[in-house]
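Values below: every heavy atom of this structure, side chains too, minus hydrogens, waters and symmetry copies. Chain A is the first sequence line, chain B the second, and so forth, proteins listed ahead of strands; every chain is numbered from 1.
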Amino acid sequence: MKRLKIKEIIGGELIGTQVLVKGWVRTKRGSKNVNFIALNDGSTIHNLQVVADVEKFGEEFLKDINTSASLAIIGDLVASQGSGQAVELNATEIVIYGKADPDKYPIQPKKHSLEFLRENAHLRFRTATFSAIFRIRHAMAFAIHNYFNSKGFIYLHTPIITGSDAEGAGQMFRVSTLDAKNPPLLEDGSVDYSQDFFGKATNLTVSGQLEGELGATALSDIYTFGPTFRAENSNTARHLAEFWMIEPEMAFYELQDNMDLAEDFLKSLIKYALENCMDDLDFLSKRLQEEEKNKPMDERSMELIEKLRFVQENDFVRLPYTEAINILKDSKPYKKGKFQYPVDWGTDLQSEHERYLVEKHFKKPVILINYPKEIKSFYMKQNDDGKTVSAMDVLFPGIGEIIGGSQREENYDKLVKRMEEMGVPVHEMDWYLDTRRFGTVPHSGFGLGFERLMLFVTGMGNIRDVIAFPRTPKNAEF
RNA sequence: UCCUCAGUAGCUCAGUUGGUUAGAGCGGCGGACUGUUAAUCCGUAGGUCGUAGGUUCAAGUCCUACCUGAGGAGCCA
């Protein structure tokens with residue numbers, strides 16, 4: 001007999017037939033005559049109600065069916081007599097694969113704090129909340145590949161171990177097979193990496209962008225989607241030491257095209273979630289609303305599904321940095337001295353400023369462009385004004401920066417000059433500069449933090465809850 | 001890394017100006033009852049009060065250091 005997933009049978013089309021299901025027990029409600037087992041197999045947020053006759057199976061046997069025990073059940077699928085579900089399974093045969101000692105199993109059929117579940121991240125998949133999150137995460141990963149594939153982009157696998165330490169995107173994790181206690185030293189006392197595995201110092205990648213540019217300047221449109229590592233000591237709800245990033249890079253795209261793609265991309269991902277993950281989104285929305293009840297009125301945010309629809313249906317605001325500064329200088333909080341940090345042309349916007357623009361002033365996603373060149377990376381295209389670069393940051397309500405990107409500087413001389421000004425070792429970047437030496441083209445790209453997208457789509461507040469096994473400072477469990 | 005707050009039963013928390021035997025709800029276990037919906041009712045077990053020092057006749061409570069977590073900031077995706 002072929003096992004069916006619960007998702008396939010709760011619709012009710014198979015009522016009147018005999019089915020085989022396998023899964024884990026969420027709860028069991030006992031009684032003298034009949035037991036109700038809520039069975040979940042991860043295929044859907046919904047549980048299957050299994051009805052087990054006590055006389056038929058025996059009290060002793062049913063005692064081992066506790067929360068998280070694993071079962072195979074053959075039974076007759078019938079319309080439910082109760083009101084909580086459309087169908088239920090009258091069990092005729094139950095096999096217990098594995099018991100779960102209720103004295104020791106940590107996840108109880110009750111609401112747990114997210115902090116507690118984070119400490120039990122190996123078991124949190126068995127909760128409704130996390131099974132919903134990881135189904136959505138899968139759906140989003142699929143939607144990303146689907147989107148780029150439909151647009152003719154090539155999925156390029158950029159290296160995870162890199163020999164380049166000039167990317168400048170952040171602190172790196174060193175990759176080495178040298179003896180940490182007693183590494184070979186050079187005469188000046190520094191570590192001799194020529195004796196290391198790769199014959200040089202290597203690190204985990206902080207971005208696939210530079211390699212992505214190599215692909216784009218031949219294949220036209222590429223994207224990467226892979227793990228990225230930052231060794232920064234960031235302790236926030238928006239940062240991870242290991243996270244997943246999507247980095248498209250497009251030849252012949254200028255800043256305008258880059259913005260168009262970023263906006264269309266984000267909207268289509270949200271649309272995909274709304275069309276394919278409604279059960280899970282509904283569950284997460286209700287969960288959030290329960291939490292919001294405890295907050296004061298003015299701190300409550302928009303209902304999750306309403307928020308997703310809003311972003312999907314409305315155009316993002318596109319705003320030059322210089323105008324953003326003017327808006328901020330003209331704002332009430334600025335005039336009343338409510339901002340903690342100063343607002344001056346040439347300094348980077350602080351979280352409080354971004355939040356004001358997105359959440360108070362425009363009340364929708366904002367794409368900030370044309371930043372002062374001093375606060376952005378060397379590879380960004382220098383604008384004709386001599387002061388700004390063609391950078392773009394997409395800011396989302398509640399998340400902050402979800403995408404960072406730019407048109408790249410395609411002019412060899414300008415790029416090298418900028419690298420020298422910013423102290424980037426030009427001689428180590430010959431491979432990168434070859435894209436400008438040979439058949440250079442205008443091109444653009446951006447990076448989307450996958451977990452930041454997940455925060456927005458699921459409405460979760462902590463990035464550690466949208467990745468299966470979060471890696472953060474002082475934490476590499478499991 | 002900085003600021004603020006927290007750490008008491010398996011979980012979520014209460015614990016008065018320092019003062020006898022540390023409490024509740026949920027969960028577990030035992031029982032009753034019931035086509036139940038995180039069922040209900042009765043009973044019951046369960047604690048190195050984050051760790052290490054210190055102050056005191058007396059510390060869950062006060063002080064110091066450290067560890068861990070959360071919120072915010074910086075860095076960024």
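A/R230 contributes a side-chain N or O that, together with a main-chain N or O of A/V206, makes up a donor-acceptor pair within less than 3.5 Å. Distance alone, capped at 3.5 Å, is enough to place a donor-acceptor pair between the A/E8 side chain and the A/K5 backbone. Remark: the backbone N or O of A/L62 is paired with a side-chain donor or acceptor of A/K28 at under 3.5 angstrom. The main-chain N or O of A/R26 is found under 3.5 Å from a side-chain atom of A/T67 such that the two form a donor-acceptor pair.
Nucleotide B/rC29 holds its C1' atom 8 Å from the CG atom of A/D103, rounded to whole Å. The distance between atom CD of A/Q340 and atom P of B/rG74, rounded to the nearest whole Å, is 8 Å.
At the heavy-atom level, A/E354 lies nowhere under 4.0 Å from the strands shown. Within 4.0 Å of A/R118, counting heavy atoms only, lie sugar-phosphate atoms of the nucleic acid but no base atom. In this structure, A/T236 reaches the bases: a heavy-atom distance under 4.0 Å links it to at least one base atom across the strands shown. Within 4.0 Å of A/Q49, counting heavy atoms only, lies at least one base atom of the nucleic acid. If you check every strand for non-hydrogen atoms under 4.0 Å, A/K104 touches nothing. Among the protein residues, A/L240 comes within range of the nucleic acid bases, having at least one heavy atom under 4.0 Å from a base atom. When heavy atoms are screened at a 4.0 angstrom cut-off, A/R355 is found touching the sugar-phosphate backbone but no base atom. A/E401 comes within 4.0 angstrom of sugar-phosphate atoms only, judged by non-hydrogen atoms across all strands, and of no base. Heavy atoms of A/H112 sit under 4.0 angstrom from primed sugar atoms or phosphate atoms, though from no base atom. Counting non-hydrogen atoms under 4.0 angstrom, A/G447 reaches the backbone sugars and phosphates but no base. Looking at heavy-atom distances under 4.0 Å, A/Q108 makes contact with a base. Nucleic acid contact class of A/F446 (heavy atoms, under 4.0 Å, all strands): none. Residue contacts shown for A/I403 are limited to sugar-phosphate atoms, with no base heavy atom under 4.0 Å away.
Taking atom P on both nucleotides, B/rC13 is separated from B/rG54 by 32 Å, rounded to a whole Å. The separation of B/rU55 from B/rG72, taken at their C1' atoms, amounts to 34 Å, rounded to a whole angstrom. The same atom, C1', is picked in B/rU68 and in B/rC49; the two are 16 Å apart, to the nearest Å. Across B/rG18 and B/rA59, the matching P atoms stand 13 Å from one another, rounded to whole Å. Taking atom P on both B/rA24 and B/rA45, the two are 11 Å apart, rounded to the nearest angstrom. Spacing of C1' atoms, B/rC11 relative to B/rA58, comes out at 32 Å, to the nearest Å.
For B/rU40, the paired nucleotide is B/rA32, the pair qualifying as Watson-Crick or G-U wobble because both relevant distances are below 3.5 Å. Across every strand in view, B/rG60 sits unpaired, with no contact that passes the Watson-Crick or G-U test at under 3.5 angstrom. Base-pair partner of B/rA9: not found among the strands shown (Watson-Crick or G-U wobble, both distances under 3.5 Å). Checking B/rA70 for Watson-Crick or G-U wobble geometry (two distances, each under 3.5 Å) identifies B/rU4 as its partner. Across all strands shown, nothing is found opposite B/rC76 as a Watson-Crick or G-U wobble partner with both distances under 3.5 Å.
Closest to the side chain of A/F36, from the set B/rG28, B/rG35, B/rG69, is B/rG35. Minimum atom distance to the side chain of A/R29 is reached by B/rA39, of the listed B/rU1, B/rG69, B/rA39. Closest to the A/N233 side chain, of the nucleotides B/rU1, B/rU12, B/rG74, is B/rU1. When distances are taken from the side chain of A/V34 to each of B/rG35, B/rG28, B/rA70, the shortest belongs to B/rG35. Side-chain proximity of A/F116 to the nucleotides B/rG35, B/rA73, B/rU12 is greatest for B/rU12. Which of B/rU36, B/rG74, B/rA70 sits closest to the side chain of A/S80 comes down to B/rU36. For A/Q85, the side-chain atoms get nearest to B/rU36 when compared with the rest of B/rG69, B/rA70, B/rU36. Checked against B/rU36, B/rC29, B/rG69, the side chain of A/P102 finds its nearest nucleotide in B/rC29. Listed candidates were B/rG35, B/rC75, B/rG30. Nearest to the side chain of A/K63 is B/rG30. Of the listed nucleotides (B/rG69, B/rG35, B/rA73), B/rG35 has the atom at the smallest distance from the side chain of A/N90.
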Under the criterion side chain to side chain donor-acceptor pair (under 3.5 Å), I'd like the reasoning laid out for A/D53 against A/N33: C-alpha separation, chi angles, the key distance, then a yes or no. CA-CA 6 Å; A/D53 190 86; A/N33 303 320; over 6 Å; no

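Residue A/T129 holds its OG1 atom at 6.5 Å from CD1 of A/I133, rounded to the nearest 0.5 Å.
Contact check on A/R355 versus A/E352 returns no salt bridge, with no Lys/Arg side-chain nitrogen under 4.0 Å from an Asp/Glu carboxylate oxygen.
For B/rG71, one of the phosphate oxygens OP1 or OP2 lies less than 4.0 angstrom from a side-chain nitrogen or oxygen of A/N462.
The residue among A/E115 and A/V51 whose nearest nucleotide of RNA chain B is located toward the 5' end is A/V51.
Side-chain atoms of A/S234 and base atoms of B/rC76 include no donor and acceptor less than 3.5 Å apart.
Aromatic ring centroids of A/Y272 and A/Y147 lie 6.0 Å or more apart.
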